[in-house]
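Below: the structure, in structure tokens.
Reminder, nothing fancy here: chain letters follow the sequence lines and each chain counts from 1.
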There are 2 protein chains.
Amino acid sequence: MSRTERPRGGAEPGHGAPGRRGRITRELVVRTALRLMDAEGLEAVSMRRVARELGVEAMSLYHHVRDKEDLLDGVIEAAMAEFPVPEDHPDWREAGRRIARAWRALLKAHPHVLTLLAHRREPLAAAAVLRPVDRALAVLARAGLSPEETVRAFRAFGSYIQGFVLAELAHLFGEGEPTPSAEVDLGPILAELPALAAHLRYLAHCDFDEEFEHGLDLMIAGLEARRAET
Amino acid sequence: MSRTERPRGGAEPGHGAPGRRGRITRELVVRTALRLMDAEGLEAVSMRRVARELGVEAMSLYHHVRDKEDLLDGVIEAAMAEFPVPEDHPDWREAGRRIARAWRALLKAHPHVLTLLAHRREPLAAAAVLRPVDRALAVLARAGLSPEETVRAFRAFGSYIQGFVLAELAHLFGEGEPTPSAEVDLGPILAELPALAAHLRYLAHCDFDEEFEHGLDLMIAGLEARRAET
DNA sequence: GTTGACGCCTTACAGCGTACACCTATACTG
DNA sequence: CAGTATAGGTGTACGCTGTAAGGCGTCAAC
């Protein structure tokens with residue numbers, strides 16, 4: 001824990017020039033890893049490969065990163081930090097939709113971040129994530145919910161968005177007909193699954209953008225219904 | 001594709017005894033891998049380790065499994081197949097909740113399955129997944145939705161459930177105060193994030209079971225509101 | 001009895017994360 | 001300015017990974 005302190009955010013404080021000799025920094029290592037991950041996938045992100053990309057030997061990275069897990073944490077954080085807080089909108093529903101869309105866009109821009117998140121088993125206390133959280137809470141609070149309900153709604157929306165992108169990336173939707181190879185004969189299977197058979201037509205294809213919006217509106221409608229109740 | 005045909009589901013068809021000599025089968029390999037994964041995590045699932053568990057050498061596995069990816073596909077499928085279709089309920093809302101709970105329970109019973117799913121980039125045409133899908137569709141259809149709306153609702157609910165468990169397993173919720181080490185000083189950060197600061201109390205802890213139900217009810221409410229509209 | 005296939009094993013290779021030792025140019029100290 | 005500490009680079013090595021290639025014994029069928 002005490003080793004390999006991360007360099008604080010804003011460039012070296014005061015004591016001297018920012019290291020004339022040191023060529024690479026944690027920041028640089030992490031960004032290289034992120035770029036590599038986006039371009040060539042998770043498997044491409046090896047210590048040796050990242051190092052080569054920087055014109056350096058693998059072991060050099062360990063002066064800037066505790067181990068590979070720490071590097072990947074940095075990658076998650078770096079991706080999160082890209083979140084572009086969208087412009088506000090007077091209607092809280094539309095403002096919320098914009099945040100949701102931005103979040104989905106971010107997760108799709110760095111598809112493997114979701115894999116990394118799924119892999120984690122400990123909380124990630126990243127300051128970079130907190131800003132989007134704050135924006136989302138602010139918008140939901142404007143919907144006239146109690147603080148407790150606001151947090152609940154935040155979690156529900158967050159779950160939906162992440163789950164949607166997960167399904168989207170893993171192609172969990174649209175798995176019915178369009179499998180071109182038709183590896184398995186669906187006939188006998190469908191005979192036992194009448195509901196599935198009845199909806200196959202609509203399961204077969206999926207306009208993700210449209211579907212995402214519909215789900216979002218569904219939750220918004222639920223929120224308003226609940227608010228009207230109390 | 002043509003190599004290593006998976007043994008069809010129902011025991012060897014007719015041509016002779018089921019292999020007197022062959023000691024291990026794809027089924028056995030996959031189940032061993034799943035057990036290992038649940039007990040010791042994803043990293044423990046290596047070809048050598050699974051083989052050792054079966055008292056066999058690593059390369060022997062390749063007679064029953066195309067490669068490691070194929071093995072892990074089998075693991076996903078095996079876990080999915082465990083889905084315990086819950087008893088029906090006259091009220092479609094309660095019936096839906098039961099399916100949702102069962103799905104969440106399954107994903108939590110085999111936490112790494114979600115990681116594997118997140119890792120996938122191609123559709124998984126697993127017959128084992130179709131049965132739960134069928135049940136869910138049947139229940140949602142009873143809510144009085146059009147087929148198209150039924151599929152939409154199915155996707156929305158599925159996204160929510162998977163996203164919730166993802167967040168739950170990665171500890172994405174409950175990240176505010178209770179970090180015991182208090183690695184970072186939240187003070188200065190919170191100054192810029194008023195909404196987050198205001199809700200910190202409720203963000204800090206999370207009763208997952210309760211929260212899950214609330215989100216579920218939120219979506220059900222949305223569904224009913226939309227149904228009332230049209 | 002011979003043949004052929006199947007199931008398992010051995011060997012080997014390239015790549016992985018990283019512990020450890022070493023070297024060197026820089027930056028601070030006296 | 002000389003001396004020294006140290007941060008940041010390198011090289012080597014170990015045990016692990018997935019899997020390609022080939023060998024070998026046992027079984028079923030002709």
Discussion item. For D:dG9 and A:H64 - does any side-chain N or O of the residue sit under 4.0 Å from the phosphate oxygens OP1/OP2?
Written reply: yes
Worksheet entry | N or O in side chain of B:S60 less than 4.0 angstrom from C:dC9 OP1/OP2 | yes
Nearest-angstrom distance from the residue atom [atom1] of [X] to [atom2] of [N]:
X: A:M59; N: C:dC20; atom1: CE; atom2: C1'; answer: 8 Å
X: B:E57; N: D:dT17; atom1: CD; atom2: P; answer: 13 Å
X: B:H63; N: D:dT26; atom1: NE2; atom2: C1'; answer: 14 Å
X: B:R23; N: D:dT26; atom1: CZ; atom2: P; answer: 12 Å
X: B:K68; N: C:dC16; atom1: NZ; atom2: C1'; answer: 12 Å
X: B:Y62; N: C:dT10; atom1: OH; atom2: C1'; answer: 15 Å
X: B:I24; N: C:dC8; atom1: CD1; atom2: P; answer: 5 Å
X: A:D67; N: C:dC16; atom1: CG; atom2: C1'; answer: 14 Å

Fill in: CZ/B:R135: more than 12 non-hydrogen atoms of other groups inside 6.0 Å
no
Quick one: does any side-chain atom of [X] pair with a main-chain N or O of [Y] as donor and acceptor, under 3.5 Å?
X: B:D134; Y: A:A195; value: yes
X: B:T115; Y: A:A118; value: yes
X: A:R120; Y: A:D73; value: no
X: A:R66; Y: A:H63; value: no

Discussion item. I'd like to check the side-chain hydrogen bond (donor to acceptor under 3.5 Å, both in side chains) partners of A:E192; sequence neighbours left out, ordered by chain and number.
Written reply: none
Discussion item. Test of understanding: with side-chain hydrogen bond (donor to acceptor under 3.5 Å, both in side chains), list the residues that count as partners of B:R52, not counting sequence neighbours.
Written reply: none
Practice prompt. Check the angle between the aromatic planes of A:F164 and A:F208 and answer parallel, tilted or perpendicular using the 30° and 60° thresholds.
Written response: perpendicular
Worksheet item: Hey, is A:R104 close enough to A:D209 for a salt bridge, meaning N to O under 4.0 Å?
Response: yes
Worksheet entry | B:R152 and A:E210 ion-paired at < 4.0 Å | yes
Response to the item:
To the nearest 10 degrees, the angle between the two end axes of the helix from C:dG1-D:dC30 to C:dG30-D:dC1 (five pairs per end) comes to 10°
Worksheet entry | Within residues 28-43 of chain B: residues closer than 4.0 Å to DNA chain C (heavy atoms) | none
Item to complete: Mind running a 4.0 Å heavy-atom check of residues 46-56 of chain A against DNA chain C and sending the residues that fall below it, in number order?
Response: A:S46, A:M47, A:R48
Discussion item. Once side-chain contact (heavy atoms from CB on, under 4.5 Å) is applied, do any residues pair with A:R31, and if so which ones, sequence neighbours excluded?
Written reply: A:E27
